[in-house]
Amino acid sequence: MTTLPQTTVRRFPVLRSSSFRIVALFAVCFLVSGLMVTVLSGYRSQQLLSQQIRQSVANERDEAFSEAHGQDVVHLHPVLKELVQNEPGFYYLLQDNQQHSVTGTMRHLRPIQGWRWLSWTHRALPRDHQPVLGYGTVLQDGGYFFVGINATPLQSLRRDLWLTLAWNSVAFLLIGLGGGFMLSRLVLGKIETISLTARKIMRGDISRRLPLNGTGDEFDHLAGSLNAMLDRNETLIASVQQVSDDIAHDMRRPLARLGQHLDEAMAASHPEIRDASLLRVKADLQDALEIFSSLLRLAQIEAGDRIPDCQTYSVDQLFGTISDFYHAVAEDHEHSLVVSPPKPDVTIEGNRVLLIQMLSNLIENAINHSPPETKIVLSARLSKDVIIFVVTDTGPGIPFAERERVFEKMVRLDSSRTVPGTGLGLSMVRAIVRLHGGTIRLEDNNPGLRCEISLPTLNIYP
């Protein structure tokens with residue numbers, strides 16, 4: 001006897017889970033993209049502010065040159081003295097060719113041509129250490145003229161940009177890692193639920209199913225698909241168990257008779273008695289094989305979720321096959337068989353062998369269980385998108401209390417026990433009807449029995 005191996009519960013660390021790695025990678029990508037956007041926007045803002053400052057400085061420089069009507073110390077000196085008094089927002093410096101300060105608000109600077117960034121103002125009074133962005137011009141007489149403006153906003157913007165980058169990096173990392181941790185815990189919890197359910201099913205609890213959250217998300221979709229698979233597996237297992245039970249139960253009677261007749265044949269003293277017993281043995285063996293084959297066939301039909309060799313067929317052709325085969329059989333039993341195909345013709349989708357067997361079992365039941373001179377009618381009619389097959393007879397019928405029980409396997413009414421058969425005919429009919437997506441019901445025919453089978457149609461020929 002084999003036993004299932006004991007499975008141990010293995011809990012996966014969150015940091016090693018695939019979901020955490022995916023979210024962490026997404027967080028890194030989001031961090032890089034966010035930093036790039038921040039850097040580009042900050043750099044653009046710096047450019048715009050720097051252009052505004054430079055434009056202001058250039059305008060102030062050009063205005064000074066324009067008022068001085070020359071680019072030398074002599075012409076610039078009176079203009080610059082007036083600018084120092086009237087333009088407190090700018091920084092000025094005018095030096096002679098000996099680099100001595102002539103006028104202005106700044107101390108000595110080295111005479112460098114072009115734009116200059118000063119980390120402090122070089123002012124005597126009032127003292128401050130604010131940064132200055134300005135432009136220096138070497139004059140025609142060797143002097144030096146510098147005009148600048150307070151660059152604190154530009155310096156603050158640069159500092160704020162770096163602070164924003166630093167804080168954004170920390171925030172993105174914390175949010176990404178925290179989100180990855182929470183998402184991984186959620187995913188691992190659902191995976192652990194699936195694993196726990198699978199282990200319980202492996203231990204024999206085949207009715208166990210995965211819980212649904214009711215959110216309709218991908219986990220609910222997965223759980224629903226797995227539950228459908230488990231339902232299908234449970235149905236197949238139950239079908240196999242039912243077949244085993246049916247064979248063990250229903251084969252006992254023919255096998256017991258077979259053993260009894262073998263004992264009679266072995267004990268017979270005359271060849272005639274022995275031959276008669278052997279003939280009964282052969283008949284019992286044939287009955288056993290027929291029951292065995294019918295049970296297996298019925299189990300295959302009940303376990304199927306799709307119609308084998310499914311094609312489209314004309315109902316008129318199916319009725320023609322039934323008529324050709326059973327008219328002579330009905331006459332041999334002194335019955336009359338009437339086959340009335342639908343008008344106009346209808347096509348149905350299914351397995352031709354199974355559909356013919358479905359109608360044949362109903363016709364055979366009516367022939368075998370009805371007295372002579374019984375009228376049996378096979379007809380069909382349309383009702384919306386279904387075709388209804390109707391088999392009626394004028395025989396003894398079936399009591400109302402027994403009409404559901406006759407569909408069970410090996411059930412035979414007291415009035416039918418003397419009629420040859422396995423008791424599986426109606427069970428086979430119902431299994432075929434359900435496989436084709438239809439319904440079946442038994443009603444009074446007054447007198448006799450009326451059986452109606454509803455199956456979906458494909459189309460109607462004009």
Side-chain angles (χ1 to χ4, degrees), residues 286-287 289-291 293-294 297-298 301 307 309 311-343 345-348 350-382 387-398 403 406-407 411-413 415-433 435-436 438-455 457:
Q286 188 66 33
D287 291 342
L289 292 176
E290 184 178 353
I291 293 175
S293 177
S294 299
R297 182 62 171 164
L298 181 59
I301 297 175
I307 304 173
D309 192 21
Q311 297 182 19
T312 58
Y313 303 98
S314 168
V315 175
D316 187 58
Q317 294 177 353
L318 295 179
F319 276 33
T321 302
I322 296 296
S323 177
D324 294 341
F325 187 79
Y326 283 101
H327 258 120
V329 177
E331 291 177 357
D332 291 342
H333 287 75
E334 300 180 8
H335 299 315
S336 63
L337 175 62
V338 178
V339 177
S340 300
K343 300 296 182 184
D345 193 15
V346 180
T347 57
I348 61 175
N351 182 282
R352 184 175 185 273
V353 175
L354 293 180
L355 292 174
I356 291 178
Q357 183 176 5
M358 173 188 74
L359 299 176
S360 299
N361 285 3
L362 295 177
I363 299 297
E364 288 181 0
N365 276 353
I367 292 175
N368 294 331
H369 298 280
S370 299
E373 299 183 359
T374 296
K375 182 180 180 180
I376 303 171
V377 179
L378 170 62
S379 61
R381 72 175 188 273
L382 296 173
I387 180 171
I388 301 177
F389 295 96
V390 181
V391 177
T392 63
D393 64 65
T394 57
I398 297 177
R403 288 176 189 169
V406 293
F407 289 110
V411 171
R412 305 190 69 186
L413 303 182
S415 59
S416 303
R417 295 194 178 277
T418 58
V419 180
T422 61
L424 297 172
L426 290 179
S427 300
M428 189 79 70
V429 170
R430 185 171 64 174
I432 295 173
V433 170
L435 181 63
H436 286 76
T439 59
I440 182 173
R441 63 177 180 177
L442 302 178
E443 297 178 344
D444 277 328
N445 193 43
N446 297 318
L449 182 68
R450 178 185 182 89
C451 178
E452 291 190 359
I453 297 176
S454 300
L455 296 181
T457 62

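We're numbering straight along the sequence, starting at 1.
Residues Leu455 and Gly438 come closest through the heavy atom pair CD2-CA, 3.8 Å. When all heavy atoms of Ser370 and Pro396 are compared, the pair lying nearest together is CA-CD, 4.1 Å. Minimum heavy-atom separation, Tyr313 to Gly350: CE1-O, 2.9 Å.
By the 4.5 Å heavy-atom criterion applied to side chains, Ile440 and Glu452 are not counted as neighbours. Counting heavy atoms from C-beta outward, Ile387 and Val315 have side chains that approach closer than 4.5 Å. Counting only heavy atoms from C-beta outward, the side chains of His333 and Asn368 approach each other to under 4.5 Å. Contact annotation: the side chain of Leu318 approaches that of Ile348 to within less than 4.5 Å [non-hydrogen atoms, C-beta and beyond]. Side chains of Leu378 and Ile363 form a contact here, defined as non-hydrogen atoms less than 4.5 Å apart.
Atoms CG and CZ, on Leu442 and Arg430 in that order, are 10.0 Å from each other to the nearest 0.5 Å. Taking CG of Asn365 as the start and SG of Cys451 as the end, the distance is 9.0 Å to the nearest 0.5 Å. Atoms CG and CG, from Asn361 and Leu426 in turn, are 7.5 Å apart once rounded to the nearest 0.5 Å. The CD atom of Gln357 sits 5.0 Å away from the CE atom of Met428 when rounded to the nearest 0.5 Å. Expressed to the nearest 0.5 Å, how far NZ of Lys343 lies from CG of Leu382 amounts to 12.0 Å. The structure places OG1 of Thr394 at 11.0 Å from CG of Leu449, a figure rounded to the nearest 0.5 Å.
For Arg441 and Ser454, the side-chain atoms include no donor-acceptor pair closer than 3.5 Å. Using modelled atom types, one finds a donor on one side chain and an acceptor on the other under 3.5 Å when comparing Ser314 with Asp345.
At least one donor-acceptor pair closer than 3.5 Å links the side chain of Asn445 to the backbone N or O of Asp393. Panel note: side chain His335, backbone Ile367; a donor-acceptor pair is recorded below 3.5 Å. The closest donor-acceptor contact from the side chain of Arg403 to the backbone of Ile398 lies under 3.5 Å. With hydrogens and angles ignored, the 3.5 Å screen pairs no side-chain donor or acceptor of Ser323 with any backbone N or O of Phe319. Looking only at distances, no side-chain donor or acceptor of Asp444 sits under 3.5 Å from a matching main-chain atom of Asn446.
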Step-by-step side-chain contact (heavy atoms from CB on, under 4.5 Å) determination, Phe389 to Arg381: CA-CA 7 Å; Phe389 295 96; Arg381 72 175 188 273; over 6 Å; no

His436 and Leu355: CA distance, side-chain angles, deciding distance, side-chain contact (heavy atoms from CB on, under 4.5 Å) verdict: CA-CA 9 Å; His436 286 76; Leu355 292 174; 3.8 Å; yes

Test log, rule side-chain contact (heavy atoms from CB on, under 4.5 Å), inputs Ile388 and Ile453: CA-CA 5 Å; Ile388 301 177; Ile453 297 176; over 6 Å; no

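Here the options are Ile432, Ile322, Thr321, the test is side chain to side chain contact (heavy atoms under 4.5 Å, CB included), and the partner is Leu359; only Ile322 passes.
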